[in-house]
Protein chains: 2
Amino acid sequence: MKKRDAVAALAALAQDNRLDVFRLLVEAGPEGLPAGSVAGTLKLAPNTLTFHFDRLRDAGLVTVRRDGRSMIYAARFDTMNALLGYLTENCCEGRVEQCATPECASVDIPSLRKKERV
Amino acid sequence: MKKRDAVAALAALAQDNRLDVFRLLVEAGPEGLPAGSVAGTLKLAPNTLTFHFDRLRDAGLVTVRRDGRSMIYAARFDTMNALLGYLTENCCEGRVEQCATPECASVDIPSLRKKERV
DNA sequence: GCATTATTTCCATATCCATTGAAATATGAA
DNA sequence: TTCATATTTCAATGGATATGGAAATAATGC
């Protein structure tokens with residue numbers, strides 16, 4: 001993942017309602033949820049929700065497909081994975097022991113020695 | 001980490017210059033870097049840099065201390081770690097195999113089954 | 001075709017964000 | 001004390017963001 005994409009993904013998740021939307025879609029799994037269902041659960045106006053979906057989609061964090069009258073949105077786990085990878089590599093570099101999640105803290109990861117700035 | 005803090009940290013990192021600043025501080029390690037050194041490396045105006053440092057600090061991502069005339073900023077690895085934990089728990093829940101970083105993908109983490117929404 | 005449901009598009013708006021220039025503060029050296 | 005260095009504070013500004021209302025589009029059923 002490039003820096004550009006990481007910033008986009010971070011910005012997409014850095015908003016209360018959007019983070020809720022994304023978490024809801026993550027819970028729902030790969031099948032996704034119709035927009036109306038998300039709107040109902042999170043009590044968001046449909047046009048507001050479209051706005052947020054657009055941003056998540058621009059950041060590559062969700063996919064859409066039509067099913068009858070409904071639009072089904074689903075989380076893109078691959079992008080989320082890439083974002084976690086980016087943050088781990090670029091924001092913990094050389095300090096794995098302090099920064100990696102506890103479960104991974106003891107694992108030495110050679111790839112974390114590399115750098116990149118764009 | 002609470003949702004509120006996660007959104008703050010995400011927002012702090014979701015900006016080109018700030019992400020650069022943070023990555024530079026991560027590279028520098030716990031000793032940190034004087035503001036002027038960061039400004040020089042990233043070619044940022046000192047007042048602009050202060051603005052970004054403030055936001056990183058509000059999000060708990062950096063610390064400051066004075067050393068003579070210089071202000072030394074340092075990355076807070078604990079907060080970054082907490083953010084990674086939050087994202088892994090809340091945005092990959094139940095799909096560890098798809099979403100956890102490769103190094104951890106095969107590890108089963110019981111704590112990742114829990115939920116929280118604030 | 002007409003009505004209904006689901007969602008998006010368009011427009012307006014208030015607020016927030018990032019940057020700039022100029023002035024202020026703090027520290028250290030002569 | 002005076003000067004230079006390092007950084008912050010303040011005020012102004014253009015641009016982006018999130019939300020709301022009203023209208024438009026798309027798909028389905030009658």
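Residue numbering restarts at 1 for every chain, and letters A, B, ... go by the order of the sequence lines.
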With a 4.0 Å cutoff (strictly under), does any side-chain N or O of R18(A) reach OP1 or OP2 of dT17(D)?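 No, outside the criterion.
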Does H52(A) put a side-chain nitrogen or oxygen below 4.0 Å from OP1 or OP2 of dT17(D)?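 The answer is no; no side-chain N or O of H52(A) sits under 4.0 Å from OP1 or OP2.
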Could you go step by step and tell me if D16(A) and K3(B) meet the salt bridge (Lys or Arg N to Asp or Glu O under 4.0 Å) rule? CA-CA 8 Å; D16(A) 245 64; K3(B) 180 190 156 189; 3.2 Å; yes
Rounded to the nearest Å, what distance is computed from the [atom1] atom of residue [X] to the [atom2] atom of nucleotide [N]?
X	N	atom1	atom2	value
L44(B)	dC17(C)	CG	P	18 Å
D16(A)	dC16(C)	CG	P	14 Å
L42(A)	dT7(C)	CG	P	14 Å

With the 4.5 Å side-chain cut-off for hydrophobic clustering, are V38(B) and I72(B) part of the same group?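 No, no single cluster joins them.
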Are L56(A) and L44(A) in one and the same hydrophobic cluster, where Ile, Leu, Val, Met, Phe, Trp and Tyr link if side-chain heavy atoms are under 4.5 Å apart?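 Per the 4.5 Å side-chain linkage, L56(A) and L44(A) are co-clustered.
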Any donor and acceptor pair, going by atom type alone, linking the side chain of [X] with main-chain N or O of [Y] inside 3.5 Å?
X	Y	result
T79(A)	G60(A)	yes
D5(B)	M1(B)	no
T41(A)	S37(A)	yes

One character per nucleotide, please: for nucleotides 5-13 of chain D, 5' to 3', B when the base has a protein heavy atom closer than 4.0 Å, S when only the sugar-phosphate does, - otherwise. BSSBB----
With nearest nucleotide decided by heavy atoms, which residue, G68(A) or A14(A), maps closer to the 5′ end of DNA chain D?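 Its nearest nucleotide lies further toward 5', so the answer is A14(A).
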